[in-house]
Amino acid sequence: MSHNLLKGKRGIIFGALNDMSIAWKVAEKAVEEGAMITLTNTPVAVRMGDVSKLGAQLNVEVIPADATNLEDLEMVFEKSIEILGGKIDFVLHSIGMSPNVRKKRPYDDLDYDMLNKTLDISAISFHKMIQTAKKMDAINEGGSILALSYVAAQRTLFGYNDMADAKSMLESIARSFGYIYGREKNVRVNTISQSPTMTTAGSGVKGMDSLMDFADRMSPLGNANAEECADYCIVMFSDLTKKVTMQNLFHDGGFSSMGMSLRAMDQYNKSFDQYKDEHGNIIYG
């Protein structure tokens with residue numbers, strides 16, 4: 001059901017790939033809520049993914065561009081302003097990829113060239129995007145910029161690897177640019193720290209199924225799915241959150257505030273059954 005939260009607003013959605021993508025769900029919700037948008041992803045992702053189908057479904061333009069390339073970013077903002085008929089009101093950065101994760105390189109044996117690519121794609125692209133928009137004065141006063149993060153920016157989670165470093169940088173960029181852009185142009189910049197979500201990128205993380213199960217058992221409200229995250233993004237793009245900026249906003253069913261839940265403790269205790277002697281004492285190896 002539409003509430004017209006984004007009626008008359010113009011937005012750019014970076015990173016939609018297929019219907020598993022959070023950015024895909026955000027694009028659908030944004031249009032449903034009255035926004036005019038453009039979609040953008042790398043030329044390879046546009047060729048290999050389903051974003052063109054989404055563009056046709058929503059009757060919006062798809063702009064192939066590399067978010068790590070400054071000239072491409074300028075082109076995205078220029079074309080979007082031209083297509084949408086005015087400056088931009090909201091932007092979603094839903095971009096993340098680690099070659100080290102894809103190649104299954106452990107954190108203590110990273111390839112540093114691949115680490116540089118992880119940081120450039122997953123975090124520095126956010127800085128480039130905002131800096132480009134600011135220099136071009138491409139975003140209206142009161143605009144909203146969002147990026148998607150994860151709790152591994154603050155806590156060590158096995159298997160998340162160098163993406164954790166990228167998410168930490170992403171959140172820092174939001175705070176630093178949030179101050180500057182807020183002070184000068186009244187534009188707010190935030191990150192949403194989402195539950196583990198089985199997107200195409202997320203599926204590459206080692207032990208993702210187990211991680212999702214653990215988070216679900218730990219969270220009093222359970223894991224938030226991609227569509228629920230999209231709802232939160234829409235609220236952050238709307239005028240209902242005009243004074244929210246420089247924040248990392250947890251959208252994880254309460255996981256980030258938990259120590260141990262009853263369900264997780266119960267499963268934890270069961271895991272020791274195979275390591276108990278005949279008297280019920282735990283055998284420590």
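- With rounding to the nearest 0.5 Å, the separation of CD1 in I22 from CG in L17 is 12.5 Å.
- Within a 6.0 Å sphere centred on NZ of K185, heavy atoms belonging to other residues, nucleotides or ligands number 12 at most.
- The environment of CG in D137 is crowded: more than 12 heavy-atom neighbours from other residues, nucleotides or ligands sit within 6.0 Å.
- Looking only at distances, a side-chain donor or acceptor of E33 sits under 3.5 Å from a matching main-chain atom of L5.
- Here the side chain of Q194 pairs no donor or acceptor atom with the backbone of L148 at under 3.5 angstrom.
- Ring geometry, F255 versus F214: the interplanar angle exceeds 60°, so the pair is classed perpendicular (tilted spans 30 to 60°).
- Using modelled atom types and a 3.5 Å distance limit, the side chains of H93 and S125 yield a donor-acceptor pair.
- Residues meeting the side-chain contact (heavy atoms from CB on, under 4.5 Å) test with A230, sequence neighbours left out: K25, V26, K29.
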task: Start with the C-alpha distance between Y107 and V101, add both sets of side-chain angles, then the distance that settles side-chain contact (heavy atoms from CB on, under 4.5 Å), and finish with yes or no.
output: CA-CA 9 Å; Y107 190 74; V101 169; over 6 Å; no
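- Between atom CG of residue D239 and atom NZ of residue K7 there is a gap of 13.5 Å, rounded to the nearest 0.5 Å.
- Of the possible donor and acceptor atoms, none in the side chain of T68 sits under 3.5 Å from a partner among the backbone N and O of D120.
- The environment of CD in E61 is sparse: at most 12 heavy-atom neighbours from other residues, nucleotides or ligands sit within 6.0 Å.
- With hydrogens and angles disregarded, a donor-acceptor distance shorter than 3.5 Å links the side chain of S21 to the backbone of N18.
- Panel note: side chain R188, backbone M236; a donor-acceptor pair is recorded below 3.5 Å.
- Side chain to side chain, Y160 and D165 fail the donor-acceptor criterion of an N or O pair below 3.5 Å.
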message: Quick one, D66 with T42, criterion side chain to side chain donor-acceptor pair (under 3.5 Å). Give me CA distance, side-chain angles, the key distance, then yes/no.
response: CA-CA 5 Å; D66 179 356; T42 64; over 6 Å; no
- prompt: Given the rule in the side-chain contact (heavy atoms from CB on, under 4.5 Å) test, do S238 and L6 qualify, once you have shown the distances and angles that lead to the verdict?
  reply: CA-CA 6 Å; S238 78; L6 303 182; 4.1 Å; yes
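- To the nearest 0.5 Å, atom CZ of residue R102 and atom CG of residue N161 are 13.5 Å apart.
- Using a 4.0 Å cut-off between a side-chain N of Lys or Arg and a carboxylate O of Asp or Glu, K134 and E184 qualify as a salt bridge.
- Here V44 is tied into one hydrophobic group with M48, each link being a pair of ILVMFWY side chains closer than 4.5 Å.
- In terms of modelled atom types and a separation under 3.5 Å, the side chain of N223 and the main chain of M212 share a donor-acceptor contact.
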Working for side-chain contact (heavy atoms from CB on, under 4.5 Å), residues K9 and F237: CA-CA 9 Å; K9 292 188 181 294; F237 293 149; 5.8 Å; no
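- Here the side chain of S122 pairs no donor or acceptor atom with the backbone of A166 at under 3.5 angstrom.
- With values rounded to the nearest 0.5 angstrom, I88 atom CD1 is found 11.0 Å from I37 atom CD1.
- Sorted by first and then second residue, the pairs that involve residues 174-183 and meet side-chain hydrogen bond (donor to acceptor under 3.5 Å, both in side chains), not counting sequence neighbours, are Y179-R183.
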field: From CA spacing to verdict: side-chain contact (heavy atoms from CB on, under 4.5 Å), V62, V46
entry: CA-CA 8 Å; V62 177; V46 172; 4.1 Å; yes
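- Contact check on D213 versus R217 returns a salt bridge, with a Lys/Arg side-chain nitrogen under 4.0 Å from an Asp/Glu carboxylate oxygen.
- Taking CG of L249 as the start and CD1 of I192 as the end, the distance is 6.0 Å to the nearest 0.5 Å.
- When the shell of 6.0 Å around NZ of K117 is examined, it contains 12 or fewer heavy atoms from other residues, nucleotides or ligands.
- Between the N140 side chain and the D89 main chain, no donor and acceptor come within less than 3.5 Å of each other.
- Within the 3.5 Å criterion, the main-chain N or O of A153 finds a donor-acceptor partner in the side chain of S168.
- Remark: the S98 side chain and the N100 side chain contain no N/O donor-acceptor pair separated by less than 3.5 Å.
- The closest side-chain donor-acceptor pair between E74 and T132, if any, does not fall under 3.5 angstrom.
- A donor and an acceptor atom, one from each side chain of S80 and T38, are located under 3.5 Å apart.
- Side-chain N or O atoms of N190 include none that pairs as donor or acceptor with a backbone N or O of L146 at under 3.5 Å.
- For the atom pair OG of S256 and NE2 of H251, the computed distance is 11.0 Å after rounding to the nearest 0.5 Å.
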